[in-house]
Amino acid sequence: MIEARHLRVLRAVAATGSFSAAGRELGCTQPAVSQQMKALEASVGTPLLVRAGREMRLTQAGEALVRHASGILAGLTAAEEEVAAIAGLRAGRVRLVSFPSGSSTLVPTALAALRAAHPGTRVSLEEAEPPASVERLREGDCDVTLTFRYEGAAGAEEWDDLVVRPLLSDRLVALVPERHPLARAGSVAIGELAGESWIAGCPRCRGQLVEVCEAAGFAPRIDFATDDYPAVVGLVGAGLGVAVLPQLAVDSVRPRGARTVRLEPVVRREIVALTLPDLAQVPAVAATLDELARAAGA
C-alpha cells in the first residue's frame, strides 16, 4: 500500500536531489527521509531512486510515481476537506496564488467577503506570475490560482485539465506622461508611439507588448523593464518613456504624473481563477471561486 506521506517525501527528494535537502524542506531528518523511501520501495517492490554522484536520481518507476503523485495528493486533500466540511469537524482551508495586480484589486474584496460569510475559513495568499502560478496548482502547492492569458495567444489548450472560472476581460491601455502630446487624446494607435522610449512590465506582458508592436510594424525600444507596476507608472510619470499596461494594473496604483489613453487596436487579457477538478468540489474552494467572481463582477 502506498502512503501519502511517502509520496510527499518522494516528491521532495525528486525536487531537491538529495535526502538531506528533502529533509530540510519537509522539516525532518535525513535518516527519516531515507527510512520512508525504503518503506515506499518495499511497498511498490522496485527501486525508485539510485545514487548518481552526490545526488539521487529517479528510476523509471520513480519517475512514473512522481508524475502521478501531485494528482493523488491533490485528490486526497480534496477528500479530506470535503469530508471535514460535511462532518463539521473543522473549517475550510484555501491556499491562493495570484498575480500582483490581481492581489491588490480583486483579492482583497473577495477575501473580505469570504471572511464575512465564512469566518472559520482560513485563506493564505502568495504571489506568482503565470505560467509558474499555474504549475504550482498542478503540483499541489495551492488550491486556487488567479491568473491570466492574452486573447489570441498560442497555447489556449494549456488549461484543458483544469477547472476554469472566467472573471473579467482586462483591456490594455497606453500610459504616457501627463505633458505628452497624446496625453489628452481620446485614443491612440500603438504605431503613433513607435519612436518613443518604452518601459516594459512583467515577462509575459513584455512579450505581448513586443508582439503588438511588431504587428503594427515596429520594434519597441525598451529602455527600462521591471516586474513592479508602481515602478512602471513612476518611470512614465517622470517622463522617461511610455508603457502599455492592463487596466487592472493601472487601477492597482495611483498614476501620478501619468495619464492613461485608450489603445487601438484593442488588446485584452482574460482574467480567470483556476483549480483542479477534485478541488472544485471542496466547499471552501468553491466559496473562494464564487467570491472572486463577485469581486470581478462576473
Side-chain angles (χ1 to χ4, degrees), residues 74 77-78 81 85 91-151 158-159 162-173 175 201-205 208 226-234 243 245-255 260 268-298:
T77 298
E81 292 289 352
R93 173 181 62 89
V94 180
R95 298 166 298 165
L96 174 63
V97 170
S98 171
F99 59 98
S101 58
S103 297
S104 58
T105 52
L106 301 178
V107 170
T109 301
L111 296 192
L114 184 67
R115 176 175 290 183
H118 308 281
T121 299
R122 295 177 290 116
V123 182
S124 62
L125 172 65
E126 294 186 28
E127 289 189 342
E129 296 277 2
S133 59
V134 181
E135 288 310 306
R136 290 188 61 175
L137 175 65
R138 288 196 176 100
E139 291 169 2
D141 294 331
C142 68
D143 305 307
V144 177
T145 292
L146 187 64
T147 188
F148 63 89
R149 62 184 172 191
Y150 284 95
E151 292 180 350
E158 64 184 358
W159 297 339
L162 304 174
V163 174
V164 181
R165 185 71 174 267
L167 298 180
L168 61 87
S169 180
D170 189 22
R171 181 170 177 161
L172 269 62
V173 296
L175 193 68
C202 73
R204 178 163 283 200
C205 297
Q208 182 67 19
T226 173
D227 293 348
D228 185 57
Y229 285 128
V232 173
V233 174
L245 292 179
Q247 183 64 56
L248 202 64
V250 177
D251 291 344
S252 69
V253 297
R254 182 177 297 177
T260 59
R268 293 185 176 90
R269 63 177 185 172
E270 179 188 9
I271 310 297
V272 303
L274 304 176
T275 192
L276 296 169
D278 286 339
L279 290 174
Q281 308 305 315
V282 177
V285 171
T288 301
L289 294 175
D290 290 341
E291 294 302 344
L292 285 168
R294 290 190 185 97

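Treat the numbers as computed from the prediction; the structure is a model and nothing was measured.
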Sorted by chain and residue number, the side chain to side chain donor-acceptor pair (under 3.5 Å) partners of R171 (sequence neighbours excluded) come out as E264
So CG of L137 and CG of L276: to nearest 0.5 Å the spacing works out to 4.0 Å
Given side chain to side chain contact (heavy atoms under 4.5 Å, CB included), test L162 with R138 step by step and report yes or no.
CA-CA 9 Å; L162 304 174; R138 288 196 176 100; 4.0 Å; yes
Output for pair (S124 OG, D143 CG), nearest 0.5 Å, gives 7.5 Å
Closest non-hydrogen contact found for G102 with P108 is O-CD, 4.4 Å
Is there a side-chain contact between L292 and V144 (heavy atoms, below 4.5 Å)? yes
Sorted by chain and number, sequence neighbours left out, side chain to side chain donor-acceptor pair (under 3.5 Å) with S101 holds for R269
So NE2 of H118 and CD of E291: to nearest 0.5 Å the spacing works out to 6.5 Å
Exercise. Is the count of non-hydrogen atoms from other residues, nucleotides or ligands lying under 6.0 Å from E126 atom CD greater than 12?
Worked result: no
In this structure, CZ of R95 is separated from CG of L125 (nearest 0.5 Å) by 13.0 Å
Of all heavy-atom pairs linking W159 and T147, the shortest is CZ2-CG2, 3.8 Å
Taken in chain and number order and not counting sequence neighbours, the residues that satisfy ring pair (Phe, Tyr, Trp, His ring centres under 6.0 Å) with Y229 are none
* Side-chain contact test, heavy atoms from C-beta onward, threshold under 4.5 Å: evaluate it for L245 versus V233 and give yes or no. => yes
The reported gap from CZ in R165 to CG in D290 (rounded to nearest 0.5 angstrom) is 4.5 Å
Value for CG (L168) from CZ (R268), rounded to nearest 0.5 Å, stands at 11.5 Å
Closest heavy-atom pair, P166 versus V272, reported as atoms and distance to 0.1 Å, is CA-CG1, 4.0 Å
Smallest heavy-atom separation, V97 atom then C142 atom, equals CG2-CB, 3.7 Å
All heavy atoms of A284 vs all of R93, minimum pair found to be CB-N, 4.1 Å
Practice task
Using a 4.5 Å cut-off on heavy atoms from C-beta on, say whether the side chain of V134 contacts that of L274.
Solution key: yes
Contact check, side chains of F148 and S133, non-hydrogen atoms, under 4.5 Å: no
Any donor-acceptor pair under 3.5 Å from S252 side chain to A249 backbone: yes
Answer yes or no: is there a donor N or O on one side and an acceptor on the other, between the side chain of D170 and the main chain of L248, under 3.5 Å?
-> yes
Smallest heavy-atom separation, V163 atom then A280 atom, equals CG2-CB, 4.0 Å
Task: Any side-chain heavy-atom pair of V282 and T275 under 4.5 Å - done: no
Original post:
Are any of the side-chain heavy atoms of L167 and L146 separated by less than 4.5 Å?
Top reply: yes
